[in-house]
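Just below is one structure, and these are the notes that go with it.
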Amino acid sequence: MTSLVTDTRVVFSRELRPVIRDPFSVIFSMVQPLFFLALFAPLLPGEESLQWFVPGIIVMSCLFGSSMTGSNLLFEMQTGSHERMLVTPLRRPALLIGRALKEIVPMIAQAALIVAVCIPFGFELHLPGALIGLGILAGFCIGLGALSYTLALAAKNKEWLFWTVQQTLLFPLLLLAGVLLPIDNGPGWLQALSRANPMTYVVNAERALFAGDIWGRHTAEGLIAAVLVAALGLFVGVRAMQRSD
């Protein structure tokens with residue numbers, strides 16, 4: 001009998017291996033965030049536009065990457081690989097937790113590349129705050145990845161259903177979080193929807209932390225939001241994996 005930790009490590013290693021073998025997939029997934037960075041940042045007023053915009057783009061790359069990972073599980077279900085995994089001695093919660101933990105690695109790589117691209121253009125990096133910000137974002141990635149896998153399990157062989165739900169939720173979450181444009185001057189109903197979006201608090205925390213404000217209110221709110229998303233994603237994901245057949 002193996003432990004849950006051992007099984008999770010096995011699944012994590014299995015899921016990470018294709019990323020290491022094909023690192024260009026991580027770079028390719030950054031194309032859209034970098035386009036947004038190049039096209040939107042020059043439109044923002046003030047010399048500190050990059051300081052405001054870059055942390056949001058890092059969260060956006062996390063959202064794009066983590067929300068699409070369920071498609072990998074869909075492919076495994078279509079080819080029969082997932083069914084073979086279910087009959088192994090691996091504990092079923094590990095099949096979900098290991099996959100969700102894998103999302104941390106591409107997120108860190110993408111964040112590092114985005115920051116490296118932006119530093120020559122005047123972006124100022126506050127390393128302690130940035131590291132704390134990546135820790136908060138790691139929890140958020142785990143939750144998003146787990147929810148994406150849950151959606152894949154619910155969709156089963158209906159790939160169109162997975163992509164319909166994913167694309168329907170993706171841009172409202174992105175826009176309501178104020179990643180591309182500030183929500184502060186928007187109408188009351190828009191601000192209310194923004195406050196109901198957990199991603200809003202993560203984005204605000206990343207902006208504060210990347211600016212060096214470690215002990216502010218936004219950091220605590222972002223940490224709470226990330227923990228709640230991670231807990232929710234793992235809870236529903238583990239239940240869905242245990243019921244998978």
Side-chain angles (χ1 to χ4, degrees), residues 4-5 7-9 11-12 15-16 19 26 29 33 55-74 91-111 131-155 162-163 165-179 193-209 218-244:
L4 178 61
V5 174
D7 290 351
T8 300
R9 185 170 64 247
V11 176
F12 174 81
E15 295 297 315
L16 188 60
V19 178
V26 177
S29 64
I57 289 295
I58 291 174
V59 179
M60 175 177 147
S61 68
C62 165
L63 175 66
F64 282 2
S66 299
S67 66
M68 292 189 296
T69 52
S71 62
N72 298 330
L73 181 55
L74 274 176
R91 299 169 189 260
R92 289 201 173 189
L95 297 177
L96 189 284
I97 298 172
R99 283 184 167 99
L101 287 174
K102 184 268 297 181
E103 304 308 320
I104 298 176
V105 177
M107 179 274 295
I108 292 176
Q110 290 173 352
L131 293 177
I132 296 173
L134 290 179
I136 292 175
L137 201 55
F140 190 60
C141 277
I142 291 172
L144 287 177
L147 290 172
S148 181
Y149 290 124
T150 304
L151 178 58
L153 290 170
F162 174 86
W163 290 113
V165 175
Q166 190 262 357
Q167 291 295 315
T168 300
L169 296 176
L170 185 68
F171 283 99
L173 288 173
L174 179 71
L175 297 174
L176 288 173
V179 170
L193 290 175
S194 177
R195 288 192 294 270
N197 181 8
M199 187 173 164
T200 300
Y201 304 99
V202 176
V203 171
N204 290 338
E206 297 302 313
R207 284 174 175 151
L209 288 166
H218 292 309
T219 302
E221 291 177 346
L223 177 60
I224 293 171
V227 169
L228 290 177
V229 170
L232 175 64
L234 290 175
F235 176 74
V236 299
V238 167
R239 284 176 62 88
M241 187 65 76
Q242 288 175 332
R243 296 176 179 179
S244 181

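In this text, all values refer to a predicted model and were calculated from it rather than measured experimentally.
Distance check, rounded to the nearest 0.5 Å: CG of Leu151 to CG of Leu73 gives 10.0 Å. Atom CD of Glu206 sits about 9.0 Å away from atom OG1 of Thr219, to the nearest 0.5 Å. Leu176 CG to Leu193 CG: the interatomic distance, rounded to the nearest 0.5 Å, is 5.5 Å. In this structure, CG on Leu170 lies 8.0 Å from CE on Met60, to the nearest 0.5 angstrom. Taken from SG in Cys141 to CG in Leu101, the straight-line distance is 11.0 Å, to the nearest 0.5 Å. Separating the CG atom in Leu153 from the CZ atom in Arg243 is a distance of 12.0 Å, to the nearest 0.5 Å.
Within the 4.5 Å cutoff, the side chain of Met107 has no heavy atoms near those of the Ser61 side chain. Looking only at side-chain heavy atoms (C-beta outward), Leu223 and Val227 come within less than 4.5 Å of each other. Looking at heavy atoms from C-beta onward, Phe12 lies in side-chain contact with Val105 at the 4.5 angstrom threshold. Using a 4.5 Å cut-off on side-chain heavy atoms (C-beta onward), Leu137 and Val59 make contact. Annotation: side chain of Tyr149 is in contact with side chain of Leu96 (closest heavy-atom distance under 4.5 Å). Within the 4.5 Å cutoff, the side chain of Met199 has heavy atoms near those of the Val179 side chain. In this structure, the side chains of Ile136 and Leu209 come closer than 4.5 Å at one or more pairs of heavy atoms. Put simply, the side chain of Val238 reaches to within 4.5 Å of the side chain of Pro93, judged on heavy atoms.
Across all non-hydrogen atoms, the minimal contact from Phe140 to Cys62 is CD2-SG, 4.1 Å. The shortest non-hydrogen separation linking Leu4 to Arg91 is N-NE, 3.6 Å. For Ala146 against Leu234, the heavy-atom pair with the smallest separation is CB-N, 3.9 Å. Arg207 and Gly178 make their closest contact through NH2-O, 2.9 Å (heavy atoms, listed as atom of the first residue, atom of the second, distance). Residues Glu103 and Thr69 come closest through the heavy atom pair OE1-CG2, 2.9 Å. Closest of all the heavy-atom pairs between Ser66 and Ser148 is O-CB, 3.4 Å.
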Working for side-chain contact (heavy atoms from CB on, under 4.5 Å), residues Asp7 and Val11
CA-CA 6 Å; Asp7 290 351; Val11 176; 5.5 Å; no

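Remark: Arg99 engages Glu15, Glu76 in a salt bridge (Lys or Arg N to Asp or Glu O under 4.0 Å) (not counting sequence neighbours).
Judged purely by atom type and a 3.5 angstrom limit, Tyr201 uses its side chain to pair as donor or acceptor with the backbone of Arg195. Between the side chain of Thr200 and the main chain of Ser194, a donor-acceptor pair closer than 3.5 Å is present.
Sorted by first and then second residue, the salt bridge (charged side-chain N to carboxylate O under 4.0 Å, His left out) pairs involving residues 218-228 (not counting sequence neighbours) are Arg217-Glu221.
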